[in-house]
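For this chain, numbers begin at 1 and follow the sequence in order.
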Amino acid sequence: MVSSTSLTSVLASKQIKEDPESLQIWGKDWTNGFVVAPSAVVFPESLDQLQDLVAYARAHQVKLVPSGGRTGLSGGAVASQGEVVVSFDRMNKILDFSAKDRIVTCQPGLVTANLQAFAEEQGLYYPVDFASSGSSQIGGNVATNAGGIKVIRYGLTRDWVAGMKVVTGSGALLDCNAGLIKNATGYDFRHLMIGSEGTLGLIGELDMHLAPQPEPQIVMVVGVPSVVDLLDILHAFSDKLTLSAFEFFSDLALQKVQAHRKLPAPLANRVDNYALLEFDESELAKAEEAFALCMEEGWLVDGVISQSQAQAAALWQLREGISESLAPYTPYKNDLSVRISEVPGFLADVDRYVNEGYPDFEVCWYGHIGDGNLHLNILRPESLSLEEFFHVGHTMSPKIFELVQARRGSISAEHGVGLLKRDFLGYSRGDDEISLMRGLKHLFDPDQILNPDKLLPLTEA
Ligand code: MLT
Ligand code: ZN
């Protein structure tokens, strides 16, 4: 157990919290089902303080759990065993902006929406976006290589990181890439840190690329009777125009979000599935052509198109509000990806498995189908306690992950591995890969102080 007296050798007492309420708030993310038991929460304010913290942790064998906006869904920021949570809430500033480079330098605790707003003030655009952008922090986005709703056009967080300063678990301060576009000088530690879930280093500063502002966007929601046709619809539209988003949700997901946010149905009649498409205003005529073709083919039955920015935002709510609307059901969440071409077959495989083995469970599908990423949420029946339900979820996972593995997919497309998927990593990564990952962990974090027990399967004692 760490005492605040010893932590005050590195930080001011106002930067340390140990009251039970704070421990519960900062000791977890949005994931359910894990014990929350940190010993303290600390709020560093500078790179120097991050280095001091790492030196302190090494000297006293204290474990550190980096924590951003705590919106994670795989338990990557859960502190279960007396760790010290390192919150980036006070490292939330924009430090510099270069209009010529279109690069903003910021601290990791900057909230994603604040980076987006800053970009807009400069007449630019930060395109990585998702429902939790109002709370998530850019450092957490980088640590999990966050994806979201615009990946089909703009890529992942990884594609926007121009440089970073990071304090490794061995205490070294690495200055990676410095905003360069070309840099062929060997191993790129920036990319190693992206998606490493705080297991190798504490990200202390980031250089982020910004994009030119896009045209105003138009949103279309279409009814799709059969998921098998989703790919044909995607191709029909992509052949004619550049899509900014191609999202999918089942009617059950729509019902939940409608009930939760009191939203009207987008179409006159209910359909089994829906796709939400977004594109530039100037592409409207091409989108209408693609829509007509899909109607002729019978892939679509109806559609609605936004007539204003307000209507576009209202249609987006149908997709972006789903996760929050399911939270009261404490769902067993899966974040899976396969190649786009494998999506219909994979959906059918998983549906068959769940419907045959667990006919009483409600299964809610939605996701970023344009990039092969599907969210499978199994809703907890009232008859099962949280513990019982998670136990069942954990027994279902191996079978679902076998179906993922059979199609060479990923057991975590964008939420990360954290605690939730740790024991299943082998379904997506080979033994040789995992042993190389362990080697890197030893190299970067020789005393094993950073985000213990996350990401890598535990080894036998
Ligand atoms: C989403 O796509 O809505 C997010 O990844 C959150 C979730 O999967 O629940
Ligand atoms: Zn998602």
Side-chain angles (χ1 to χ4, degrees), residues 28-36 70-78 130-132 135-136 144 146-149 227 247-261 263 272-274 317-337 346-347 349-369 373-401 403-404 409-424 427:
K28 73 184 293 285
D29 54 22
W30 283 355
T31 323
N32 295 307
F34 293 106
V35 174
V36 179
R70 306 187 302 284
T71 56
L73 293 165
S74 293
V78 172
F130 28 73
S132 60
S135 316
S136 77
T144 53
I149 55 180
V227 281
E247 297 280 312
F248 146 78
F249 43 95
S250 64
D251 191 48
L252 181 62
L254 177 66
Q255 285 173 36
K256 300 293 178 197
V257 72
Q258 275 189 265
H260 187 247
R261 295 210 176 170
L263 300 171
D272 280 354
N273 312 282
Y274 303 84
Q317 281 207 52
L318 298 172
R319 167 62 187 88
E320 290 212 282
I322 294 173
S323 189
E324 198 186 298
S325 74
L326 300 184
Y329 301 89
T330 48
Y332 193 78
K333 294 182 90 72
N334 277 282
D335 162 42
L336 313 165
S337 74
F346 176 66
L347 266 165
D349 287 351
V350 179
D351 259 344
R352 196 175 316 113
Y353 165 67
V354 181
N355 292 335
E356 278 170 13
Y358 306 86
D360 298 339
F361 285 1
E362 279 192 306
V363 177
C364 226
W365 283 105
Y366 55 96
H368 318 285
I369 205 152
N373 178 185
L374 293 162
H375 295 307
L376 164 71
N377 282 239
I378 302 169
L379 310 189
R380 179 169 66 90
E382 274 176 11
S383 56
L384 290 186
S385 71
L386 193 57
E387 218 186 358
E388 287 164 337
F389 181 59
F390 268 76
H391 181 72
V392 181
H394 255 64
T395 55
M396 293 172 80
S397 284
K399 185 64 203 165
I400 294 174
F401 294 157
L403 299 173
V404 173
S410 171
I411 61 157
S412 179
E414 61 172 4
H415 293 171
V417 176
L419 287 175
L420 192 66
K421 311 279 173 61
R422 178 195 66 199
D423 299 333
F424 305 110
Y427 285 95

Could I get the full list of ring-ring contact (aromatic ring centres under 6.0 Å, His included) partners for Tyr329, not counting sequence neighbours?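 Testing Tyr329 for ring-ring contact (aromatic ring centres under 6.0 Å, His included), a comparison that skips the adjacent residues, returns none.
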
What are the two closest heavy atoms between [X] and [Y], and how far apart are they?
{"X": "Val257", "Y": "Gly321", "value": "CG2-C, 3.4 Å"}
{"X": "Phe130", "Y": "Gly147", "value": "CD2-O, 3.8 Å"}
{"X": "Gly75", "Y": "Thr31", "value": "N-OG1, 2.7 Å"}
{"X": "Tyr274", "Y": "Asp251", "value": "OH-OD1, 3.0 Å"}

Using a 4.5 Å cut-off on heavy atoms from C-beta on, say whether the side chain of [Y] contacts that of [X].
{"X": "Asp29", "Y": "Leu73", "answer": "no"}
{"X": "Lys421", "Y": "Asp335", "answer": "yes"}
{"X": "Met396", "Y": "Tyr353", "answer": "yes"}
{"X": "Phe424", "Y": "Ser412", "answer": "no"}
{"X": "Ser323", "Y": "Trp30", "answer": "no"}
{"X": "Asn377", "Y": "Tyr366", "answer": "yes"}
{"X": "Asn32", "Y": "Phe390", "answer": "yes"}
{"X": "Tyr427", "Y": "Val404", "answer": "no"}

Calculate, to the nearest 0.5 Å, the distance between atoms [atom1] and [atom2] belonging to [X] and [Y] respectively.
{"X": "Gln317", "Y": "Arg261", "atom1": "CD", "atom2": "CZ", "value": "5.0 Å"}
{"X": "Gln255", "Y": "Glu362", "atom1": "CD", "atom2": "CD", "value": "8.5 Å"}
{"X": "Lys256", "Y": "Leu379", "atom1": "NZ", "atom2": "CG", "value": "6.0 Å"}
{"X": "Asp272", "Y": "Leu254", "atom1": "CG", "atom2": "CG", "value": "11.5 Å"}

What residues form a salt bridge (Lys or Arg N to Asp or Glu O under 4.0 Å) with Glu388, not counting sequence neighbours?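 Here no residue qualifies.
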
Excluding sequence neighbours, so at least two apart, what forms side-chain hydrogen bond (donor to acceptor under 3.5 Å, both in side chains) with [X]?
{"X": "Arg380", "answer": "Thr330"}
{"X": "His368", "answer": "Glu247, His375, Glu414"}
{"X": "Glu320", "answer": "none"}

Let me check something: any side-chain donor-acceptor pairs from residues 354-361 under 3.5 Å, sequence neighbours excluded? List them with distances.
| residue | atom | partner | partner atom | Å |
| --- | --- | --- | --- | --- |
| Asn355 | ND2 | Asp351 | O | 3.1 |

Given 3.5 Å as the limit, does a donor-acceptor pair link the side chain of [X] with the main chain of [Y], or not?
{"X": "Ser250", "Y": "Trp365", "answer": "yes"}
{"X": "Ser74", "Y": "Gly416", "answer": "yes"}
{"X": "Ser397", "Y": "His394", "answer": "no"}

I'd like to know whether Phe248 forms a side-chain contact (heavy atoms from CB on, under 4.5 Å) with Val227, so could you lay out the CA-CA distance, the side-chain angles of the two residues, the decisive distance to 0.1 Å, and finally the verdict. CA-CA 9 Å; Phe248 146 78; Val227 281; 3.9 Å; yes

Qualifying residue, where the test is side chain to side chain contact (heavy atoms under 4.5 Å, CB included) with Leu336 and the options are Asn373, Leu347, Ile400: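 Exactly one candidate clears the test, Ile400.
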
